[in-house]
Protein chains: 2
Amino acid sequence: MAIVDTVKFMTNPARVVPSPVLKRLTDYYTTVQGLTAEGVEWVSSSRLADVLGLTSSTVRQDLSHLDFAGVSKRGYRTSGLEKALACALGADRIWNMLVVGAGNLGRALVLHPEFRRRGFMIRAVCDSDVFKTGLKLRTLEVQRMNQIPQAVKEHAIDIGVIAVPEDAAQGVADLLVEAGVKGLLNLTPTHITAPEGVAVTDARILASLQELTHTLMGK
Amino acid sequence: MAIVDTVKFMTNPARVVPSPVLKRLTDYYTTVQGLTAEGVEWVSSSRLADVLGLTSSTVRQDLSHLDFAGVSKRGYRTSGLEKALACALGADRIWNMLVVGAGNLGRALVLHPEFRRRGFMIRAVCDSDVFKTGLKLRTLEVQRMNQIPQAVKEHAIDIGVIAVPEDAAQGVADLLVEAGVKGLLNLTPTHITAPEGVAVTDARILASLQELTHTLMGK
DNA sequence: TAGATTGTTAATCGATTAACAATC
DNA sequence: TAGATTGTTAATCGATTAACAATC
């Protein structure tokens with residue numbers, strides 16, 4: 001029996017946050033950030049549920065994945081909850097990014113101050129178009145594609161951002177993986193394949209629009 | 001018995017495509033577009049499954065929501081499948097959009113040719129910053145916020161795009177709804193509330209990044 | 001204390017997968 | 001025909017919701 005318990009104990013901690021929960025954690029995070037900014041000190045699961053269109057049950061289940069406990073009769077202390085969420089999402093540290101593609105989307109990312117403000121630091125930008133080489137985006141000069149490996153090493157890049165035309169996406173992904181990035185943010189509509197150890201997330205901007213238009217047609 | 005059958009028949013056609021299926025339909029669409037472009041004429045559910053990391057069972061279930069049938073032993077004809085997907089997603093028509101916010105993100109959308117190419121026509125841009133009024137983005141002049149109602153009527157705007165700072169997002173959403181748009185694309189991390197009849201989709205760029213960093217921390 | 005809210009278990013609901021008869 | 005692939009039903013799996021004891 002003791003052995004069984006031990007096994008249980010040993011397998012449990014490797015608990016993965018299920019994907020729908022993870023998506024909601026990001027929602028809680030922005031909401032709670034807003035509340036602390038307003039000076040609200042306590043929030044209940046039902047209040048969060050109301051704001052985000054969920055049930056209080058879902059909220060409590062979700063927050064139980066965090067290393068943070070609420071208080072009976074009071075709810076969750078916003079300051080602690082914010083910190084716990086930031087910690088779970090990696091929002092309490094700095095992430096180094098390299099953007100490939102200096103087109104409109106790539107430039108917008110580099111110039112958008114929100115990313116920096118939230119710890120997503122764009123350290124380098126590359127583009128295959130040699131006429132863009134040397135172009136200045138804020139403090140960064142657009143580099144050649146063959147500079148990717150060196151840039152990844154030099155700046156300890158965690159995340160490669162794919163902001164190139166659709167048909168170049170997989171090739172760029174391969175280059176970034178080869179250079180040693182641990183994660184990819186894919187801004188193109190293409191499905192990207194990467195080896196086991198490399199995480200890929202799709203920004204799905206076009207997909208969002210298409211989901212929206214699908215819905216609009218039913219009206 | 002006949003009555004029961006009739007009721008079943010009458011309730012069924014109002015079938016809604018479940019959200020996870022809808023998300024995958026956009027993936028099938030880009031994949032099949034690629035295949036037709038390459039000249040591939042037939043594709044099987046298992047081929048699609050391989051490319052997108054799904055099971056063939058899921059693919060067949062999903063495609064059964066379309067008004068299009070495969071052929072035993074051959075699979076799905078890519079040309080017909082592409083058309084059926086385009087039709088389901090509203091990708092076979094033109095959608096009129098108004099962008100609020102002429103910052104980096106808003107400008108990128110207006111200038112990005114992919115949206116136009118896919119039928120998402122940005123007809124007007126507004127910004128609350130009067131110093132931006134009159135600024136030219138391609139063929140469009142940035143307009144004042146109070147021009148929103150007129151612009152929506154004049155261009156028969158279907159979709160309002162929210163590309164403003166986070167704390168202005170809900171206010172802009174309210175203005176757009178008031179002006180009569182049927183759908184909202186929210187590019188901010190904020191949760192937006194809108195009345196029943198108005199569809200909202202979140203682009204979740206920052207959320208995608210945070211999901212990614214959460215995953216990276218486990219490594 | 002009394003009442004409100006958490007944390008958690010159990011029940012329900014929905015989505016994914018397996019399996020297989022129909023079929024070209 | 002024989003073999004491969006669909007469409008669909010049934011089984012499994014996972015996520016959401018309901019319910020309630022624990023608690024501050």
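Proteins come first, then strands; the chains are lettered A, B, ... in the order of their sequence lines, and each starts at number 1.
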Protein-nucleotides 22-24 of chain C N/O pairs under 3.5 Å:
{"unit_1": "C/dT23", "atom_1": "O2", "unit_2": "B/Ser72", "atom_2": "OG", "d": "3.4"}

Which atoms of nucleotides 18-20 of chain D (N or O only) lie under 3.5 Å from a protein N or O atom, and what are those distances?
{"unit_1": "D/dA18", "atom_1": "N7", "unit_2": "A/Ser57", "atom_2": "OG", "d": "2.6"}
{"unit_1": "D/dA18", "atom_1": "N6", "unit_2": "A/Ser57", "atom_2": "OG", "d": "3.2"}
{"unit_1": "D/dA19", "atom_1": "N6", "unit_2": "A/Arg60", "atom_2": "NH2", "d": "3.2"}

Dot-bracket for DNA chain C, 5' to 3', Watson-Crick and G-U pairs with both distances under 3.5 Å, [ ] for crossing pairs, | for partner on another strand, reads ..||||||||||||||||||||||

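Considering only residues two or more places apart in sequence or on other chains, B/His112 meets the ring-ring contact (aromatic ring centres under 6.0 Å, His included) condition with B/Phe115. For A/Leu52, the side chain to side chain contact (heavy atoms under 4.5 Å, CB included) partners at least two apart in sequence or on another chain are A/Asp27, A/Tyr28, A/Thr31, A/Leu54, B/His191. When the side chain to side chain donor-acceptor pair (under 3.5 Å) test is applied to B/Thr78, no partner is found at least two apart in sequence or on another chain. Listed by chain and residue number, nothing satisfies the ring-ring contact (aromatic ring centres under 6.0 Å, His included) test with B/Tyr29 (two or more places apart in sequence, or in another chain). For A/Thr190, the side chain to side chain contact (heavy atoms under 4.5 Å, CB included) partners are A/Glu166, A/Ala169, A/Thr188, not counting sequence neighbours. Scored by the side chain to side chain contact (heavy atoms under 4.5 Å, CB included) test, A/Ala199 finds B/Leu212, B/Thr215, B/Leu216, B/Lys219 as partners (sequence neighbours excluded). By the side chain to side chain donor-acceptor pair (under 3.5 Å) test, B/Lys83 pairs with no residue at all, sequence neighbours left out. Contacts of A/Glu211 classified as salt bridge (charged side-chain N to carboxylate O under 4.0 Å, His left out), with partners at least two apart in sequence or in another chain: A/Arg204, B/Lys23.
Atom CG in B/Leu52 sits about 16 Å away from atom C1' in C/dT16, given to the nearest Å. A/Asp62 places its CG atom 14 Å from the C1' atom of D/dG14, with the value rounded to the nearest Å. When the C1' atom of C/dG7 is taken as reference, atom CZ of A/Arg74 falls 18 Å away, rounded to whole Å. Look at CG on B/Leu81: it is 10 Å from P on D/dG7, rounded to the nearest Å. When the C1' atom of C/dT16 is taken as reference, atom CG of B/Leu63 falls 15 Å away, rounded to whole Å. Regarding A/Leu54, its CG atom lies at a distance of 8 Å from the P atom of D/dT17, rounded to whole Å. In this structure, NE2 of A/His65 is placed 12 Å from C1' of D/dT16, rounded to the nearest angstrom. One atom, CG of B/Leu66, and another, P of D/dT8, lie 13 Å apart when rounded to the nearest Å.
Closest approach of A/Ala207 to B/Thr26, counting heavy atoms only: CB-OG1, 3.6 Å.
Each of A/Leu176, A/Leu98, A/Ile148 was checked for a side chain to side chain contact (heavy atoms under 4.5 Å, CB included) with A/Val181, and the lone residue meeting it is A/Leu176.
Looking only at atom types and distance, the side chain of A/Ser57 has no donor-acceptor partner in the side chain of A/Thr55 under 3.5 Å away. Side-chain contact of A/Arg60 with A/Ser64: a donor-acceptor pair under 3.5 Å is absent, judged by distance alone.
Within the 4.5 Å cutoff, no side-chain heavy atoms of B/Leu48 are placed close to those of B/Ser45.
Within residues 20-45 of chain A, the residues that place at least one heavy atom under 4.0 Å from DNA chain C are, in residue-number order, A/Ser44, A/Ser45.
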